[in-house]
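Structure first, then comments.
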Amino acid sequence: MSKVKTKVVPFPVPVCIASSIVKGKANFATYGCFGLLAPRPTTYVYIGSVDPHYTNIGIKENGYFGVNIPSVDQMKETDYVGLISGSNTDKSTVFKTFCGKVDKAPLIEDCPVNMLCKLTKTVDLPGRDIFIGEVIETYVNEECITNGKLDFYKINPLLFTSANASYWELGDKVGLAYKEGKYLKQ
Ligand SMILES: Cc1cc2nc3c(=O)[nH]c(=O)nc-3n(C[C@H](O)[C@H](O)[C@H](O)COP(=O)(O)O)c2cc1C
């Protein structure tokens with residue numbers, strides 16, 4: 001097999017919309033560099049800290065942030081809040097929000113999955129902040145649950161590839177984790 005070297009990591013990731021309160025108003029911004037850490041439910045969001053990243057101000061001021069997972073239906077709004085900064089445009093009315101048990105980060109009604117996160121650590125890197133938060137609450141739209149389980153087809157998360165600046169949706173399930181490998185074990 002021949003391989004070529006590449007500088008970018010081209011695999012698709014779900015995007016999130018981080019939500020925070022800045023100067024008394026909701027602000028939203030899109031992030032591809034985010035993820036979950038186990039076992040204690042923890043999230044991280046990797047955010048540029050050089051002007052004009054407005055989200056960082058709200059997360060630092062309130063100690064809480066929302067991680068909202070948009071579906072393909074929210075593609076245009078998701079792209080929009082990732083194109084402009086709250087520092088020069090009021091994005092507070094782009095989404096309808098609700099509040100979890102702590103009123104320090106708005107959560108987006110239209111997004112099928114919402115996590116309310118308490119900031120536990122900020123890693124201050126040159127030109128970047130990594131915000132690490134404990135997930136205090138997770139909400140899922142009722143219609144995205146089938147037989148008591150999360151239904152990822154119904155959530156239909158918006159996927160992103162930075163290599164060609166494109167959005168995608170989930171394809172078909174191809175197997176069962178922790179089971180498929182067993183056939184190679186004998
Ligand atoms: C699809 C997409 C993914 C993005 N991912 C990131 C990211 O991982 N980290 C980052 O710092 N900015 C990322 N951005 C850019 C921010 O969303 C953008 O700078 C935004 O305007 C910041 O808004 P704010 O200044 O109101 O916080 C992304 C934008 C888009 C559209």
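Just so you know, ligand 1 is whichever comes first in the structure, and atom 1 is the first atom listed for that ligand. Quick note: residue numbers are just sequence positions, from 1.
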So for ligand 1, is Tyr46 a polar contact partner (N or O within less than 3.5 Å, distance only)? yes

Asn27 vs Ile57 side-chain heavy atoms within contact, under 4.5 Å: no

Proximity of Tyr54 to ligand 1 by residue part, where a heavy atom lies under 4.0 Å: both

Just need the protein heavy atom nearest to atom 1 (C) of ligand 1, so name the residue and atom and give the distance. Tyr167 OH, 3.2 Å

Test log, rule side chain to side chain donor-acceptor pair (under 3.5 Å), inputs Asn88 and Ser85: CA-CA 6 Å; Asn88 43 47; Ser85 176; 5.1 Å; no

For atom 15 (C) of ligand 1, grab the closest protein heavy atom and report residue, atom and distance to one decimal in Å. Gly82 O, 3.8 Å

Look only at the side chain of Asn68 and the backbone of Ile108, and say whether a donor-acceptor pair between them is shorter than 3.5 Å. yes

For ligand 1 and Lys91, I'd like to know whether there is a polar contact (N/O to N/O, distance under 3.5 Å). yes

Check: Asn62 side chain, Ile21 main-chain N or O, donor-acceptor pair, under 3.5 Å: yes

Do any N/O atoms on Cys33 end up under 3.5 angstrom from N/O atoms on ligand 1? yes

For Gly86 and ligand 1, does the shortest N/O to N/O distance drop below 3.5 Å? yes

Shortest protein heavy-atom distance from atom 7 (C) of ligand 1, along with the residue and atom involved: Tyr31 CD2, 3.4 Å

Of Thr30, Asn88, Val81, the one whose closest heavy atom lies nearest atom 20 (C) of ligand 1 is Val81

Would you check if the side chain of Lys91 reaches a backbone N or O of Phe28 as a donor-acceptor pair within less than 3.5 Å? yes

Side chains of Phe131 and Lys60: does their closest heavy-atom pair fall under 4.5 Å? yes

Which atoms of ligand 1 have any heavy atom of Asn27 under 4.0 Å away? 24 (P), 26 (O), 27 (O)

Heavy atoms only: which of Ser166, Gly58, Ala29 lies closest to atom 22 (C) of ligand 1? Ala29

Can you find an N/O atom of Thr55 closer than 3.5 Å to an N/O atom of ligand 1? yes

Proximal atoms of ligand 1 relative to Asp79 (non-hydrogen, under 4.0 Å): 31 (C)

Less than 4.5 Å apart, side chain to side chain, heavy atoms only: is that true for Thr78 and Phe160? no

Any N or O of Phe28 closer than 3.5 Å to N or O of ligand 1: no

Within the 4.5 Å heavy-atom criterion, are Pro41 and Leu36 side-chain neighbours or not? no

Could you say whether the N/O atoms of Leu83 and ligand 1 ever approach to under 3.5 Å? no

Could you say whether the N/O atoms of Val15 and ligand 1 ever approach to under 3.5 Å? no

Got a salt bridge between Glu134 and Arg40, using NZ or NE/NH1/NH2 to carboxylate O under 4.0 Å? yes

Is the closest side-chain heavy-atom distance between Phe34 and Thr43 below 4.5 Å? no

Which atoms of ligand 1 have any heavy atom of Ile47 under 4.0 Å away? 11 (O)

